There are 8 protein chains.
Amino acid sequence: MTQPLVGIVLGSDSDLPLGRQAEKVLAEFGVASELTIASAHRTPERASRYAREARARGIKVIIAVAGLAAHLPGVLAAHTTLPVIGVPVAVGTLGGVDALLSMAQMPSGIPVATVGIGAAKNAALLALACLATADENMGQRLEEYRERLAADVDAKDRKLKEEGVNLQGGTMV
Amino acid sequence: MTQPLVGIVLGSDSDLPLGRQAEKVLAEFGVASELTIASAHRTPERASRYAREARARGIKVIIAVAGLAAHLPGVLAAHTTLPVIGVPVAVGTLGGVDALLSMAQMPSGIPVATVGIGAAKNAALLALACLATADENMGQRLEEYRERLAADVDAKDRKLKEEGVNLQGGTMV
Amino acid sequence: MTQPLVGIVLGSDSDLPLGRQAEKVLAEFGVASELTIASAHRTPERASRYAREARARGIKVIIAVAGLAAHLPGVLAAHTTLPVIGVPVAVGTLGGVDALLSMAQMPSGIPVATVGIGAAKNAALLALACLATADENMGQRLEEYRERLAADVDAKDRKLKEEGVNLQGGTMV
Amino acid sequence: MTQPLVGIVLGSDSDLPLGRQAEKVLAEFGVASELTIASAHRTPERASRYAREARARGIKVIIAVAGLAAHLPGVLAAHTTLPVIGVPVAVGTLGGVDALLSMAQMPSGIPVATVGIGAAKNAALLALACLATADENMGQRLEEYRERLAADVDAKDRKLKEEGVNLQGGTMV
Amino acid sequence: MTQPLVGIVLGSDSDLPLGRQAEKVLAEFGVASELTIASAHRTPERASRYAREARARGIKVIIAVAGLAAHLPGVLAAHTTLPVIGVPVAVGTLGGVDALLSMAQMPSGIPVATVGIGAAKNAALLALACLATADENMGQRLEEYRERLAADVDAKDRKLKEEGVNLQGGTMV
Amino acid sequence: MTQPLVGIVLGSDSDLPLGRQAEKVLAEFGVASELTIASAHRTPERASRYAREARARGIKVIIAVAGLAAHLPGVLAAHTTLPVIGVPVAVGTLGGVDALLSMAQMPSGIPVATVGIGAAKNAALLALACLATADENMGQRLEEYRERLAADVDAKDRKLKEEGVNLQGGTMV
Amino acid sequence: MTQPLVGIVLGSDSDLPLGRQAEKVLAEFGVASELTIASAHRTPERASRYAREARARGIKVIIAVAGLAAHLPGVLAAHTTLPVIGVPVAVGTLGGVDALLSMAQMPSGIPVATVGIGAAKNAALLALACLATADENMGQRLEEYRERLAADVDAKDRKLKEEGVNLQGGTMV
Amino acid sequence: MTQPLVGIVLGSDSDLPLGRQAEKVLAEFGVASELTIASAHRTPERASRYAREARARGIKVIIAVAGLAAHLPGVLAAHTTLPVIGVPVAVGTLGGVDALLSMAQMPSGIPVATVGIGAAKNAALLALACLATADENMGQRLEEYRERLAADVDAKDRKLKEEGVNLQGGTMV
């Protein structure tokens, strides 16, 4: 089996769909990852051990997904110097702004790389960009991905212009 | 030396003035406390060890003071079942709303008793109220404190009514 | 009948489901509680009398559940020195941030122990932690509860690793 | 001495400057008022008694000034059916948004007439408008006040147009 | 036909359900009201004329219901010295916080009495409280209404205590 | 005297510094403007008359500067179909977010072009862009202004690179 | 085919319904527009080229529709001096407040005319008002539109008064 | 001269102090960086060219510092697949929450790694963590840095315990 380079840690099993999104993006770029459910508050020992041992186990980047107080990425970052990417989740009634602030506003010395609310896919792309700092080939593939992104938008734009009104009722999104 | 019953943990030495406020209120009620500086992110091992050992050392309640992402009370609560009271601090530019959300919005299973932004004095009073659940005498003293609080407001009200206009330029606050 | 140790006060009968959650957690720990519907604004006399008489009736901790302006825990706290735990409810259109601020931002002298929005279960656990300051056995049971919490997360993590993809469509949450 | 028609209740003596502003506006309209310091939480009995007895004592409108959790107008409103006007105060670090929400978001059945943050003058004018529902002469005086307000703005506008650039460094505000 | 004493102005016909709530409460107290749809921005002349002529037509209090920028109560208040009560409506995606701020934060000199988001019923009760400043009988009826409110909460509390668990699945709300 | 093309309306004379900023930018582009102090609430008749007569008087664009509830641009827009640009001002304690929402969230049919908090200069540039839709020469001058803006940033960048450390203590801002 | 005068740029094809709303309003005023899907981040070259070439292609005003970080109008404004109108979209979980701030708070020198969240129709009307600065006939038609708006509100008001209660259950909105 | 590995881009020269903080942290770890002032809106061509050419010039990570609408990191990220770290700056009156949202809430496909408001130091540490994914030695040095951070907190804690009260008036922060 391939060595996982990215550890995806979920604060709760309800975060699994976001975890799967990240896993899938990484797999599309040929990067193995591993999914773990570990809570900063309910399984603090396991969460901190995961972070402490990650580098030695070959993990290069950690993605942590959590909602509400969302301490998970900060707690992991306290136990490793690997880059930790935080994905705030919109659980509860505040739309994820609680998790966003709790991840971004880390104290001096222990950064968390925060992405948008629910943006697991962007977390995976950011992890790939970190890996690409040491992997020219990965940088190339990210460039190609960007070209596909652009081509996709261009195609939608062309379709809009060709078909005009017909688009309106469709399911383009 | 008296056994400290309340552990006051500061996320940063800049929180010391708030820590002293709590300490002073406790001392006025004859309750010894101990002040510790321990960061959830910079000294995670010491912070979690503090929480794990607190009960055995005779601590009954923990007060945690922190700003920004303010994970400290949550991290302590993850390592002890003692009541943990969180005091959000208004550092940074968001007035403490980041710390308030990060403390209050803890996940199911691991509560933090959050008080107002900067409300170290109220944290101490809440700690005393917890102690009073097992100490009738303490309950009595809290009642007397309330009477003094009321008497103080009553005195200001009387003074306002007696002196009227003269109060206006004063430093009553 | 067992003496109730925790008084759960609901600002409105629409808060009953949250009240039942707290009641159930307490019962699981063998702690009797009593549910009361009393409004800080519609039945102010009864609410304040409840608070004033609670200690003498054997109540050790009060949990107050309320939404919107959510003055209930503050009003109760004004009439008792028992620990008052506030559960902000997300009624109305602001997601409970109104209730959260109204509970947490109490003036100096009269604390309310605020938990997360809708976090009735955490309020019950916090009440138990208060009771445990005088009840070693309860402290022990809270520790065991934590172990069960951790075991539950561990089990989900193992299941995720064993079954992998199959989890994805399930209802693990 | 004239019968006070408006009761101005301050949650803290630090609110006295705002109380004086309201008192002064009322006096300019020939309406006597009385200033009281009474805390919803520190002197709950006196605060509720004040509200319960106000109507019988001849008070027609209550203005309540408070910051932070700012339960005062709501607590007064729970004990009287007189119109209660709430003035949220910007104490603490949240700019008064805590007090504003805590006053405006009252539950169904017990309204508080909330004005702007720190808007004690507007509270007084609103009290006068209430009194004017039964006092044609007061309505007339309020109309004249509006004319003076408009004339004042008009005068500033003329001055701006006459003096132009010279205004710039001045202290027109 | 009875002289309407309260003018209820709706910024949009989509606010009609709230307008009807206010109308109904007033009717229960025997106070006639009139419903008008007038937009501060789409029919500014009619809106301001309504406000200017209201006093002479016998209107004693105006209730204005509006969402989004919600200038309606402020615009009406600019053209009358009658008490204007603003009901912020939660249209759009911000939960009504835009309307709430736009109503409460009026400039010095022109108050709007703001109630909670969607709180049309409270607006009506506040209008009645204004009318009661000159109508002892109305004051008495408001007191009776409060007693009914309290009795209703008391009945729910008794029912909860008598029936206990059975309530849980019901539709008490 | 040159025909003013832009009307700058200030809700209060305290907004004059922002008004002067806009005036100055316009003057640099050779566009005459006129400054008026008119309050949506204190001088509603004059404000609406100003808007109604503006087009006939040769005004092409209106800039309205206001804080707090900040109804001014909306009220002007209700009385004219000229483009109305709103400049929210940070008065009071909410940093201008009240004024921003009150300007941006206008109802369907009556737009206000809202710029940033305190952004009077940008309001003037936006007014010029509107005028440029019919004035090719103005478009050219705006392009040249952009080049100067870019050159200014470029110069600072070069200076930073040349002088390096020396910049640090300076007053470049 | 008619020369389009307004360019409507959508950050994503999911914004198409809002784009169509703007297009339709413009068409009702006889103004041709063109719809383009171009992302500030996914197709930055095409987006900036669109802006750079727009003036030469005869476009007079650009409307940009975007959600989340919503950089699109700012990025377009950086590449053209045409008026750029931003329509914040409520995608994600923050109700569009992220997009609103990201559009309104542009730096000095590069304005974006921000309208309300989702207010594509108002964006179109604002574009028409810009065009009307050089087209007296368009100004006249905007005035007529306003009269129709007013007449529509007046008609609803009359209907309300004539039919009264029957309206209540209807679909007037 | 050493090859700079980190490009620090400032949206304005007023951000220079934050840029210097990042530069200094990087230098302490032996990593050369380059400071550039480039505005996403005022010098869009130079900003995008910087991003497009950065990888070929040997830059491994970009740190972008900006306030208000703060599009800079997003615009750079649109033109490179290097990791882009965004530092929101608290300029203006909203405490930096505008910049924070504008950086974090990037659309799918183009991530920005957002750190706390004003957290330039954390941005530098995050950049080092990215570099360390390919540089074992750097990982080691980051671990040592963490040990110094912890030792620093430990020293303050010891000093607090040794000197007790004396600390109170000091300048420990």
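In what follows, chains are A, B, ... by sequence order, proteins preceding strands, each numbered from 1. None of these values were measured; they are calculated from a predicted model.
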Would you name the heavy atoms of Ala78(G) and Pro44(H) that are closest together and state the gap between them?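 What the structure gives for the nearest pair is O-CG, 3.4 Å.
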
Closest non-hydrogen atom pair, Leu94(H) against Leu101(G): CD1-CD2, 3.7 Å

Can you tell which part of Leu100(H) gets under 4.5 Å to a heavy atom of chain G, answering side chain, backbone, both or neither?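 Leu100(H) has no heavy atom closer than 4.5 Å to chain G.
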
Using non-hydrogen atoms and a 4.5 Å limit, figure out which bit of Ala77(H) sits close to chain G: side chain, backbone, both or neither.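 The answer is neither part of Ala77(H).
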
Any residues in residues 135-148 of chain G near chain H, with a heavy-atom distance under 4.5 Å, and which are they?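 None at all.
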
Chain G neighbours within residues 102-131 of chain H, where any heavy atom lies under 4.5 Å away: Ser102(H), Gln105(H), Met106(H), Pro107(H), Ser108(H), Ile110(H)

Residue by residue, which of residues 49-68 of chain H have a heavy atom closer than 4.5 Å to a heavy atom belonging to chain G? Arg52(H), Leu68(H)

Would you please name every residue forming a side chain to side chain contact (heavy atoms under 4.5 Å, CB included) with Asp152(H), sequence neighbours left out? Lys156(H)

